[in-house]
Amino acid sequence: VKMSTPLEFATRLARQAGKNLLDTFRLSGTTASMKPDRSFVTQADVAADQLITTAIREQYPGDAILSEELHNNLQLSATSVWIVDPLDGTTNFSLGLQVWGVLITRVHAGQPEESVQYFPMLDELYTAQRGQGAWLNGIPIQPRTAEPDQPFGFFSCCSRTHRRYEISIPYKPRILGSAAYSFCLLARGVALIGMEVMPKIWDIAGAWLLVQEAGGVIQPLEGEAPFPLQVGRDYSRANFPMLGAATPELLDSARSKITPRPPPDPNAIPRPGTRQVG
């Protein structure tokens, strides 16, 4: 019997987890609870994580696993590590919005080698393999720059973007609620720029590979790069702000138009009718 490649294995696994999530998804919404870091989790997240990690352990028993729900700390000094987000876009999922997906990335010698990002409700499967390009549903993808006859480009960002930064990028912002999907849109030429302020390693591991393999550019917005992985690190406590663009020139231009806002005054009294948002 022919052994499947890691990419084939991850693709089948993401589709299986995605099918199970579809069975529990409701347009009317699903109950979610808040974790200590103020992100949300549903029973569907945990079940999908258990399905994925169990399959990885059976197929690749010598590999380590980093996942959002079950395995946050990289304890094993393994040659290969699987980074899993069983449900990226949990808030969307819990509220009945269709933009959510299953993310599985294999890291070898500290760097991403294969990634699968599957968005079941959209029927979009993004795959990438180092040195082999990037695909959407088996078709090669690449970013594109703004064109004279199509001036209305947009940049995909997160809900914290405008709270934490002054932005003068001349494109329409779009907030879709999935860090991974933001960069998928960049990789396939829909968004010109992608920006995520506080993603975790499991949110952007696949994007790091996908955008580069598609021909785009992705860099830390500030701080350190997410790779190579560090043994013993608690990745639940680490954020990796990211900025991506179709070209190096577009990325440099975007970076020059992003300015951090001053931190809020903790002693300031909120104006009537406003509330503090974490």
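Please read these numbers as outputs of a predicted model, since none were measured by experiment.
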Verify, without hydrogens or angle tests, whether [X] (side chain) and [Y] (backbone) share a donor-acceptor contact under 3.5 angstrom.
| X | Y | answer |
| --- | --- | --- |
| Arg144 | Gly189 | yes |
| Arg130 | Leu209 | no |
| Thr24 | Leu21 | yes |
| Ser253 | Glu249 | no |
| Tyr235 | Gln230 | yes |
| Asn137 | Leu125 | yes |
| Asp49 | Pro86 | no |
| Asn239 | Val197 | no |
| Glu213 | Gln132 | yes |

For the atom pair [atom1] ([X]) and [atom2] ([Y]), what is the distance rounded to the nearest 0.5 Å?
| X | Y | atom1 | atom2 | answer |
| --- | --- | --- | --- | --- |
| Ile83 | Leu229 | CD1 | CG | 4.5 Å |
| Arg188 | Leu136 | CZ | CG | 6.0 Å |
| Ile193 | Lys257 | CD1 | NZ | 8.5 Å |
| Ser80 | His108 | OG | NE2 | 5.0 Å |
| Arg160 | Arg163 | CZ | CZ | 6.5 Å |
| Trp208 | Phe183 | CH2 | CZ | 10.0 Å |

Please name the pair of heavy atoms, one in [X] and one in [Y], separated by the smallest distance, quoted to 0.1 Å.
| X | Y | value |
| --- | --- | --- |
| Cys184 | Phe119 | SG-CE1, 3.9 Å |
| Ala214 | Ala134 | N-CB, 3.8 Å |
| Ser4 | Tyr60 | O-OH, 4.1 Å |
| Ser236 | Lys200 | O-NZ, 2.8 Å |
| Asp203 | Ala179 | CB-CB, 4.0 Å |
| Glu196 | Ser182 | OE2-OG, 2.9 Å |

Self-check item: Set of residues satisfying side chain to side chain contact (heavy atoms under 4.5 Å, CB included) with respect to Pro140, sequence neighbours excluded
Solution: Trp135
Quiz prompt | Audit row: Gln117, Asp88, side chain to side chain contact (heavy atoms under 4.5 Å, CB included) steps and yes/no | solution = CA-CA 9 Å; Gln117 301 177 89; Asp88 183 53; over 6 Å; no
Quiz item: Would you say the side-chain atoms of Asp63 and Trp82 include a donor-acceptor pair closer than 3.5 Å?
Solution: yes
Practice problem: Taking the six-membered ring for Trp and the full ring for Phe, Tyr or His, determine whether the centres of Trp100 and Phe25 are under 6.0 Å apart. | Solution: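 Yes, they do, as the ring centres are separated by less than 6.0 Å.
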Practice problem: State whether Arg106 and Glu114 are salt-bridged, where the test is any N-O pair (Lys NZ or Arg NE/NH1/NH2 against Asp/Glu carboxylate O) under 4.0 Å. | Solution: yes
Quiz item: Are Glu222 and Arg164 within salt-bridge range, i.e. N to O under 4.0 Å?
Solution: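 Salt bridge between Glu222 and Arg164, a charged N being under 4.0 Å from a carboxylate O: no.
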Would you check if [X] and [Y] make a side-chain contact, meaning some heavy-atom pair closer than 4.5 Å?
| X | Y | value |
| --- | --- | --- |
| Ile56 | Val84 | yes |
| Leu243 | Gln219 | no |
| Met195 | Cys158 | no |
| Val116 | Leu7 | yes |
| Pro6 | Gln129 | no |

Practice problem: Tell me, please, which residues at least two apart from Thr105 pass side chain to side chain donor-acceptor pair (under 3.5 Å). | Solution: none
Self-check item: Intermediate values then yes/no, side chain to side chain contact (heavy atoms under 4.5 Å, CB included), Leu22 and Met121
Solution: CA-CA 7 Å; Leu22 278 175; Met121 289 295 295; 3.3 Å; yes
Exercise. Decide if atom CD of Gln142 counts as having more than 12 heavy atoms of other residues, nucleotides or ligands within a radius under 6.0 Å.
Key: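 No, the 6.0 Å shell around CD holds no more than 12 heavy atoms from other groups.
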Quiz item: Which is it for Ile65 and Ile52 under the side chain to side chain contact (heavy atoms under 4.5 Å, CB included) test, yes or no, and what are the steps along the way?
Solution: CA-CA 10 Å; Ile65 299 172; Ile52 294 169; over 6 Å; no
Quiz item: Going only through I, L, V, M, F, W and Y residues with side-chain contacts under 4.5 Å, is there a path from Leu186 to Tyr118?
Solution: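 No: no chain of side-chain contacts under 4.5 Å links Leu186 to Tyr118.
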Self-check item: Worked check of side chain to side chain contact (heavy atoms under 4.5 Å, CB included) between Leu185 and Leu176
Solution: CA-CA 10 Å; Leu185 293 180; Leu176 298 169; 3.2 Å; yes
